[in-house]
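Just so it is clear, the values below take in all heavy atoms, side chains as well, and ignore hydrogens, waters and symmetry mates. This one's a predicted model, so the numbers in the text were calculated from it and none came from an experiment. Index from 1, following the sequence.
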Amino acid sequence: MKKLILIFSVLISLSSGLFAFDFFEDRIVEVKFGSSFGLSNNASALGDWLKKELVIDLREIANKVPDSGLNFTSILDPNFATKIQIGGFSIAAHSGLDLYMSLTMDDDLFDLLGYGNTLGIPVVLGIYTDIEAFAFADVDIGFKFKKFSFNIIPAVFIPVLETAGPAGSVQLLNDAEGNVMFRYDVNFDMYSVINFTDMNIVPEELIKAFGYDLTGELVIPFENKITAGTRFRIPVIPGRISNLFSASSSFVFEGTLSNQQFTQSDTGFQYGFGKTGDYVVHRPLKLNVFMNYQPLNHFIDIDLAAGFGIKHPFSQYFKFYPEYYLGLTLSLLRVFNFTLSTEYTNQVFIHQFGLDVNIRFVEIDTGISVQSADFARSFTGSGFGAYVYLTMGF
């Protein structure tokens with residue numbers, strides 16, 4: 001009996017020492033890789049096209065396209081990270097690719113197709129592109145104290161592809177006298193670190209293309225259940241690229257219906273590869289404030305964030321846009337975590353469900369979302385996204 005009591009006492013002592021260590025605290029060493037992606041438009045749902053008998057109603061399409069025009073957006077960000085944490089100090093290396101592609105056409109095009117045009121009033125339709133692809137690498141240095149923690153993240157990036165602004169236009173006019181005119185113009189420029197003539201990367205140009213920016217994060221606990229902080233990214237040195245792909249075309253048709261006299265001119269499709277002066281590129285500037293609230297310790301997490309971003313900062317195509325994030329996470333034994341969130345980041349509304357399975361040595365994060373550049377359409381299946389990340393460590 002005494003031996004049983006002794007053995008039982010030893011087991012209790014060992015288990016107490018074991019569980020004094022928080023199994024789910026940050027890993028000492030970890031490796032993480034994965035990607036998220038999204039594809040969306042702001043006018044129609046996928047279900048509108050997946051029908052046995054497809055009926056194209058031009059007026060219905062015109063009514064669905066918002067005043068901002070028809071937009072197609074695609075995002076992709078494969079990345080890899082490794083991290084070491086010892087006590088309150090951590091250092092992580094992170095690299096990957098950020099790809100954002102957007103094509104917008106003025107809504108007047110669809111009003112024209114659905115309702116026609118007004119005599120004597122010209123219709124001008126614009127086409128706009130916004131493409132950014134950055135390869136990047138950064139180092140995240142973190143310090144954690146009792147009262148606060150902060151991270152400083154210097155980064156280097158290379159602009160792989162870049163274009164922004166108008167890419168073409170269509171004009172149409174007819175009047176009461178029977179005069180008609182139709183014209184389209186295409187004028188598209190794409191900049192890249194890749195030499196388009198032979199699809200190679202010249203080392204000297206690659207070195208010149210490097211840009212730098214700085215990200216920082218400060219987190220302050222206000223009490224046991226609430227922490228708040230701010231995160232920002234500031235451009236420091238722009239990337240510079242000089243390889244240019246250009247495409248252009250112009251077509252004009254005009255005449256008078258009454259006498260059936262018409263003329264037309266067509267330049268055909270022309271394209272070229274060449275060099276240009278250094279095209280200056282920054283990654284988006286960002287500033288956000290955030291708060292985390294745990295009303296029931298680790299069982300419920302509520303995350304709030306708000307801020308803004310500026311695409312193409314310090315250029316003629318700069319664009320300011322707000323950002324927000326609201327997320328609720330429920331944790332089961334801190335192994336299974338379920339997250340519902342809504343956000344507007346990188347000019348896309350995303351409503352997402354995520355599942356995180358964490359057994360410390362291996363963690364899998366997955367999620368699916370509906371999304372769109374238009375808030376109302378983001379709930380209708382006009383776009384979808386997903387992510388998956390795998391973390392391994394101890």
Side-chain angles (χ1 to χ4, degrees), residues 32-40 71-83 92-104 129-140 151 153-165 190-194 201 206 209-217 231-241 243 279-288 305 307-315 317-323 325 343-350 352 365 367 369 371-373 383-390:
K32 181 177 182 178
F33 58 91
S35 180
S36 66
F37 76 91
L39 182 64
S40 66
N71 173 267
F72 295 94
T73 300
S74 177
I75 53 177
L76 178 69
D77 63 347
N79 59 86
F80 172 84
T82 182
K83 178 181 177 181
H94 182 210
S95 62
L97 176 71
D98 280 338
L99 173 63
Y100 173 90
M101 302 179 65
S102 175
L103 173 67
T104 303
T129 58
D130 188 353
I131 300 174
E132 290 184 323
F134 295 106
F136 70 90
D138 62 47
V139 177
D140 186 338
N151 293 65
I153 310 170
V156 58
F157 66 87
I158 298 174
V160 181
L161 292 174
E162 175 77 18
T163 185
M190 173 78 77
Y191 299 87
S192 177
V193 70
I194 301 170
I201 298 177
L206 181 65
F210 281 119
Y212 303 87
D213 52 41
L214 182 66
T215 297
E217 181 178 275
R231 184 179 178 91
F232 59 86
R233 180 164 70 195
I234 299 176
V236 179
I237 299 176
R240 299 179 181 274
I241 48 181
N243 294 302
Y279 187 79
V280 175
V281 181
H282 288 284
R283 292 203 297 176
L285 182 154
K286 292 199 174 188
L287 174 63
N288 288 276
F308 66 86
I310 300 178
K311 288 179 66 68
H312 312 292
F314 316 119
S315 79
Y317 299 117
F318 83 94
K319 184 172 184 179
F320 174 93
Y321 57 93
E323 292 192 326
Y325 177 87
E343 63 184 280
Y344 181 66
T345 53
N346 299 316
Q347 299 179 271
V348 179
F349 290 98
I350 301 174
Q352 191 161 255
D365 297 294
S369 64
Q371 53 186 260
S372 174
F384 299 91
Y387 68 87
V388 58
Y389 292 95
L390 174 64

Here the pair of heavy atoms bringing Leu285 nearest to Pro313 is N-CG, 4.3 Å
Please report the closest heavy-atom contact between Leu206 and Val193, naming both atoms and the distance. CD1-CG2, 3.9 Å
Okay, side chain of Ser369, backbone of Gln371: is any donor-acceptor separation there less than 3.5 Å? no
Within 45 degrees of the ring normal and closer than 6.0 Å to the centroid, is that where the cationic atom of Arg240 sits relative to Tyr279? no
Check whether any side-chain heavy atom of Phe232 sits under 4.5 Å from a side-chain heavy atom of Thr215, and report yes or no. no
From Tyr321 OH over to Ile310 CD1, what is the distance, rounded to the nearest 0.5 angstrom? 9.0 Å
Does Phe314 form a side-chain contact (heavy atoms from CB on, under 4.5 Å) with His282? I'd like the steps, not just the answer. CA-CA 8 Å; Phe314 316 119; His282 288 284; 3.5 Å; yes
Do any N or O atoms from the side chain of Arg283 and from the backbone of Pro235 form a donor-acceptor pair under 3.5 angstrom? no
Distance-minimising heavy-atom pair for Tyr212 and Val156: CE2-CG2, 3.7 Å
Rounded to the nearest 0.5 Å, what separates atom CD1 in Ile350 from atom OH in Tyr387? 11.0 Å
Closest non-hydrogen atom pair between Ala373 and Thr73, with its separation: CB-OG1, 4.5 Å
May I have the step-by-step check of side-chain contact (heavy atoms from CB on, under 4.5 Å) for Asn79 and Ser95, ending in yes or no? CA-CA 6 Å; Asn79 59 86; Ser95 62; over 6 Å; no
What distance separates Phe134 CZ from Leu99 CG, expressed to the nearest 0.5 Å? 10.5 Å
CD-NZ distance between Glu323 and Lys286, expressed to the nearest 0.5 angstrom: 4.0 Å
Min side-chain heavy-atom separation Glu162-Ile131 under 4.5 Å: no
When you look at Leu287 and Phe308, which way does the side-chain contact (heavy atoms from CB on, under 4.5 Å) test go after all the steps? CA-CA 6 Å; Leu287 174 63; Phe308 66 86; 3.7 Å; yes
For residues Pro238 and Val281, determine if any side-chain heavy atom of one lies less than 4.5 Å from a side-chain heavy atom of the other. no
Could you walk me through whether Tyr100 and Asp130 pass side-chain contact (heavy atoms from CB on, under 4.5 Å), step by step? CA-CA 8 Å; Tyr100 173 90; Asp130 188 353; 3.9 Å; yes
Less than 3.5 Å apart, any donor N or O on the side chain of Asp77 or Ser36 sitting next to an acceptor on the other? yes
Is the shortest side-chain heavy-atom distance between Glu132 and Pro284 below 4.5 Å? yes
Roughly how far, to the nearest 0.5 Å, is the OG atom of Ser372 from the CG atom of Leu39? 11.0 Å
Would you indicate whether the side-chain heavy atoms of Leu390 and Phe33 approach each other to under 4.5 Å? yes
For Met101, I'd like to know if atom CE has over 12 heavy atoms of other residues, nucleotides or ligands within 6.0 Å. no
So do the side chains of Gln347 and Ser102 get within less than 4.5 Å of each other, counting heavy atoms only? no
Hey, does the Lys NZ or Arg CZ of Lys311 hover above the aromatic six-ring of Phe320, less than 6.0 Å from the centre and inside 45° of the axis? no
Quick one: does Ile158's side chain get under 4.5 Å of Phe210's, heavy atoms only? yes
Is Lys32 close enough and on-axis enough to Phe80, meaning under 6.0 Å and within 45°, for cation-pi? no
Measure the CG-OG1 distance between Asn71 and Thr104 for me, rounded to the nearest 0.5 Å. 4.0 Å
